[in-house]
Amino acid sequence: MPHPASPYLAEGPRVGIRHFTYEDGAEFTARVRESRELHRPWLFPPDTAAAYTAYAGRLIEDRTKAGFLVCAKEDDGALAGYININNIVQGAFRSGALGYGAFAHAAGRGLMREGLDLVVGHAFGMMGLHRLEINVQPGNTASVNLARACGFRLEGFSPDMLFIDGAWRDHERWAITTEMRSRRRPR
């Protein structure tokens, strides 16, 4: 009997990752509204249909961006979070900058760790990237812990790097390369 095709680009034991679609807007924005307390003051993802359409459109249509939804397999593919690769540069650099957010119902369950590991594997495999960077506000402990758990190394500190919530915010720079990932021990 043939197996049905997986809806995921990559999957682990508990999550799968797939690209954003316009049809995900209702679930995505509902999850964002449920997660305001978790996201603030770090993230401000789109919480209306119009804002989602514009946001998803950039991830779908701009070749310098790639957006991935982390879907919980045990919850019939419900959205657990999202991971975006921005500022994708090819050529000799082959790099991108990651941004991500968990949704409140999935926070603290290890789903984003599994999802980020899948996105990194996809980026270094199918996408042909060599380096990924995460810029994190130092006080965002959950985000720092996620970067560390997925094998990213702290490379530096950038004062007043990004304008978020009305002010220029300091960020730590975390990165991983294909070589670093290949040296990681299996869990």
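In this structure, the salt bridge (charged side-chain N to carboxylate O under 4.0 Å, His left out) partners of E155, at least two apart in sequence or on a different chain, are R131, R153. Scored by the side chain to side chain contact (heavy atoms under 4.5 Å, CB included) test, N145 finds T141, R148 as partners (sequence neighbours excluded). Residues satisfying the side chain to side chain contact (heavy atoms under 4.5 Å, CB included) test with D76, not counting sequence neighbours, are none. Qualifying salt bridge (charged side-chain N to carboxylate O under 4.0 Å, His left out) partners for D75, counting only residues two or more places apart in sequence or in other chains: R109. Among residues two or more places apart in sequence or in another chain, the side chain to side chain contact (heavy atoms under 4.5 Å, CB included) test is passed with S158 by M161, R173. Legend: residues meeting side-chain hydrogen bond (donor to acceptor under 3.5 Å, both in side chains) with N87, ordered by chain and number and at least two apart, are absent. With sequence neighbours left out, F103 forms a ring pair (Phe, Tyr, Trp, His ring centres under 6.0 Å) with F28, Y82. Residues that satisfy the ring pair (Phe, Tyr, Trp, His ring centres under 6.0 Å) test with W168, not counting sequence neighbours, are F163.
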| query | Where do T178 and M180 land on the side chain to side chain contact (heavy atoms under 4.5 Å, CB included) test, with the steps shown first? | reply | CA-CA 5 Å; T178 56; M180 290 169 59; over 6 Å; no
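For residues 5-29, the salt bridge (charged side-chain N to carboxylate O under 4.0 Å, His left out) pairs, not counting sequence neighbours, are E11-K73, R14-E114, R18-D24, E27-R31. Screening residues 42-61 for salt bridge (charged side-chain N to carboxylate O under 4.0 Å, His left out) gives R36-D47 as the qualifying pairs, with residues at least two apart or on separate chains. Residue pairs satisfying the ring pair (Phe, Tyr, Trp, His ring centres under 6.0 Å) criterion with at least one member in residues 57-77, sequence neighbours excluded, are listed as follows: H19-F68, F68-H122.
There is no path of hydrophobic side-chain contacts, each under 4.5 Å, that joins Y55 to V119. Cluster annotation: I134 and L118 are assigned to the same hydrophobic cluster (Ile/Leu/Val/Met/Phe/Trp/Tyr, side-chain heavy-atom contacts under 4.5 Å, transitive). Residues Y52 and V70 fall into different hydrophobic clusters, defined by Ile, Leu, Val, Met, Phe, Trp and Tyr side chains chained together at heavy-atom separations under 4.5 Å. With hydrophobic clusters built from ILVMFWY side chains whose heavy atoms lie under 4.5 angstrom apart, L69 shares a cluster with L43. No continuous path of ILVMFWY side-chain contacts below 4.5 Å connects L38 to M112, so the two sit in separate hydrophobic clusters.
Considering only heavy atoms from C-beta on, V144 comes within 4.5 Å of E172 through its side chain. Taking the side chain as every heavy atom from C-beta outward, Q90 and L129 approach each other to under 4.5 Å. For the pair V120/C150, no side-chain contact is recorded, criterion being any heavy-atom separation below 4.5 Å from C-beta on. Side-chain contact between L146 and R113 is present, with heavy atoms from C-beta onward closer than 4.5 Å.
The two residues G77 and C71 make their nearest non-hydrogen contact at O-CB, 3.5 Å. The minimum heavy-atom distance linking A72 with L111 is given by the pair CB-CD1, 4.2 Å. Closest heavy-atom contact between H39 and A102: NE2-O, 2.8 Å. Shown here for A104 and S35, the closest heavy-atom pair between the two residues is N-OG, 2.8 Å. The two residues D165 and P41 make their nearest non-hydrogen contact at OD2-CB, 4.1 Å. For I176 against G151, the heavy-atom pair with the smallest separation is CD1-O, 3.8 Å.
Note that NZ of K65 is 12.0 Å distant from CZ of F20, once rounded to the nearest 0.5 Å. Here W174 contributes atom CH2 and E133 contributes atom CD; the two are 12.5 Å apart, rounded to the nearest 0.5 Å. We find the CG-CD1 distance between L116 and I83 to be 4.5 Å, quoted to the nearest 0.5 Å. Remark: S143 OG to W42 CH2 distance equals 9.0 Å, nearest 0.5 Å. If you take CD1 on I85 and CE on M127, they are separated by 4.0 Å, rounding to the nearest 0.5 Å. Residue I17 holds its CD1 atom at 11.0 Å from OH of Y8, rounded to the nearest 0.5 Å.
Of the options I60, L59, T64, a side chain to side chain contact (heavy atoms under 4.5 Å, CB included) to D62 is made by T64 and by none of the others. The side chain to side chain contact (heavy atoms under 4.5 Å, CB included) test with L98 singles out one residue from V136, L132, N135, and that residue is L132.
The environment of E179 atom CD is dense: over 12 non-hydrogen atoms of other residues, nucleotides or ligands sit within 6.0 angstrom. For R63, the CZ atom sits in a loose shell: 12 or fewer heavy atoms of surrounding residues, nucleotides or ligands are nearer than 6.0 Å.
A donor-acceptor pair under 3.5 Å is absent between the side-chain atoms of H105 and the main chain of A78, judged by distance alone. A donor-acceptor pair under 3.5 Å is formed between the side chain of R169 and the backbone N or O of I164.
Side-chain contacts under 4.5 Å among hydrophobic residues (ILVMFWY), followed directly or transitively, place F157 with no other residue at all.
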